[in-house]
There are 2 protein chains.
Amino acid sequence: MATTIKDIARVAGVSPSTVSRILSNKQTLYSGYATETITRVKQIAEDLNYRKNRSAIELVTKTSQVLGIILSATPTNFAQEIISGIQKEASLHHMDTIIAYAGEDDDALQLQALKTISERSVKGILLLGITLSPTNEHFLRSADIPYIFLSVAQSEPDLHFIASNDFDIGYQATQYLINHGHHDIAFVGANLESCVGHLRLDGYRQALKEHHITYHDDYVIGGNWLYVDGVHAVNILQTQVNLTAILAGSDLVAAGVMNRARQLNRVIPSDLSVMGIDGTLLCDVIYPQLTSIKQSFYEMGVQGTKQIIEKTHIESAYTSISIKDGASVTTH
Amino acid sequence: MATTIKDIARVAGVSPSTVSRILSNKQTLYSGYATETITRVKQIAEDLNYRKNRSAIELVTKTSQVLGIILSATPTNFAQEIISGIQKEASLHHMDTIIAYAGEDDDALQLQALKTISERSVKGILLLGITLSPTNEHFLRSADIPYIFLSVAQSEPDLHFIASNDFDIGYQATQYLINHGHHDIAFVGANLESCVGHLRLDGYRQALKEHHITYHDDYVIGGNWLYVDGVHAVNILQTQVNLTAILAGSDLVAAGVMNRARQLNRVIPSDLSVMGIDGTLLCDVIYPQLTSIKQSFYEMGVQGTKQIIEKTHIESAYTSISIKDGASVTTH
DNA sequence: TTGTACGCGTTATCAT
DNA sequence: ATGATAACGCGTACAA
């Protein structure tokens, strides 16, 4: 049987409310308790090994110090960075976090995660790398809990998000390669059915257009952001003799591209320049170090958390992107 | 104002108990409700946008479907794999998870995380990659909640764990290199002040001993499992002309070793064989692909979760290790 | 400075 | 097949 404030009250010879007020540091609202009472109560609480009962507190206060995080099941390497940002900011405000995993394409799993989180009295919900089905979107809306999407921009205006501008990512990356003298540039490994992939492709095309480079269908090969997609793309692109640069949809794709190209005896970057997207730790670990468009994942977590905690009115925002220099791109 | 069971009861013209029983599918204990009542109540619940209040449920039932996870703050690449295993097994049992982050060397942060978790009525606590300070160890013990450590073996017999046998890891890795004709083998990047590092070093020494190879102090260079530790180690080992193989404390260290060695114009594996420990995704992504001792991280998560959920009596266990073949080791 | 009494939303027990 | 009531542990308005 766990110790309750009543037990402490009985032992201390005071009322439960006294214990409650002392243990939750509410004396300031009143003139204050006698120092003796305070220390005695606290001592007894410790002796009796007292633990707060969060359920009871949340039931009566109807609020909590908990943030809900819903994670896409795909083990994206940058989710960790976003979560770090959330944790950092949350701990600054003495908030805890609950994490629930949702499948990516599985509506039932999404709903399960949504329920798990919304049934607890969380202060807000952060959705990482997720796009909701219409039904689940409705469920989230009707839950009457503040929420914000992280790392994936949403098309509906009332679904707020903190993310990178994916058009800009595609545009700036391509621009960077063009500025380095490249003309025949492939774009590979992105999931072209996703909104993110689509926008990046648009940016890629726009950059080409502005430099009067004809868009070439054969230079675009889709995928699902994975290592194998990079390998696969290089296999297909073998026949393109004019190709001098590849823009990969993610750092992981870039790694696949580089390794497969190397197997085919192409030297990077002298034979082939490769550029990644994300700017994760992976860039520094592979050889040669990868030039990439760096997204501010940590910052997304921080900003999203701030919005939930501090703001009354949540609004969308883009976090900054930058070029992370490596050694995988050379001037052509 | 959120809908409660009472609201539904009023609208449906039944008692709150009826609604409670129907919504939590408890009819089977009784003869069963009229189908008409059941569908009507469920319909009204949906119309009114009813959400369960977990706090109230947990308060009255004094139990929950929640597993607590405490994570070391260091962003280890394999934590993700362990968590996947936990999630998988937990969802099989319809359990949710709460994750709290603890610093590695910061006792206060550790305690904070411990409190966060133990104040909620969790079914059990899984501690990932953590070693507790004596005070916090006592706190955990006195919380009266089942717990188990994952991935880090504990020395005290009543602190149960699921982990790899670190002695075996060091032993088998070294043995593998010796069997490939290597004689001058360095061991680098492990944190030698940690229990894990110490045990792996012991395994390394034992393997050398059994093959009558003299242990060489200069061949052991500590670190903290990081990429830079691998780089640093190679810098120091430059002068060791007889060295033909390096056993890295982790895959990340191995990546540092390989890249630095390459910068020094050593070809891997013909000039230098490199072996990693962990067997993470990184092995496949770097070039040449890394030969490594693979730990069963996913399995640790699964087993730990099973122990908490199914067992009345928790006990320690070692998960299996295996050689993950790559192309970074060659016969000497 | 401290105590009393009530209520949060739900489930369980007992009654009908 | 369904209802009435108590209880879970805590915070807080009000009383003293």
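A note on names: the letters A, B, ... follow the listed sequences, proteins ahead of strands, and every chain is numbered from 1. Note: hydrogens, waters and symmetry copies are ignored here, and every other heavy atom, side chains too, is used. Note that the coordinates shown come from a computational prediction; the quantities given were computed from them, not determined experimentally.
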Looking only at N and O atoms, is any donor in the side chain of [X] or the base of [N] less than 3.5 Å from an acceptor on the other one?
X	N	answer
A/R21	C/dG3	yes
B/T37	D/dA1	no
B/S24	C/dT10	no

Just how far, in rounded Å, is [atom2] of [N] from [atom1] of [X]?
X	N	atom1	atom2	answer
B/I5	C/dT11	CD1	C1'	8 Å
B/R51	C/dT10	CZ	C1'	18 Å
B/I57	C/dT10	CD1	C1'	7 Å
A/I22	D/dT12	CD1	C1'	15 Å
B/E58	C/dC8	CD	C1'	15 Å

Among [options], which nucleotide has an atom closest to any side-chain atom of [X]?
X	options	result
B/N53	C/dT10, D/dG3, C/dT2	C/dT10
B/A56	C/dG7, D/dG3, C/dG9	C/dG9
A/S17	C/dT2, D/dT12, C/dA12	D/dT12

Residue whose nearest DNA chain D nucleotide is more 5′ - B/A34 or A/L59: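 With A/L59 and B/A34 compared, the 5'-side residue is B/A34.
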
Straight-line distance of A/L67 CG to A/I99 CD1, nearest 0.5 Å: 10.5 Å

Salt bridge B/D158-B/R141, side-chain N to carboxylate O under 4.0 Å: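 Looking at B/R141 together with B/D158, the answer is yes, because their closest N to O distance falls below 4.0 Å.
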
Test: A/R51 and B/D144 ion pair at under 4.0 Å: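 Between B/D144 and A/R51 there is no salt bridge, as every charged N stays at least 4.0 Å from the carboxylate O atoms.
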
Counting only side-chain nitrogens and oxygens, does [X] get under 4.0 Å of the OP1 or OP2 atom of [N]?
X	N	answer
B/K62	C/dT11	no
A/S20	D/dG11	yes
A/S15	C/dG3	yes

Contact check, side chains of B/E89 and B/Y298, non-hydrogen atoms, under 4.5 Å: no

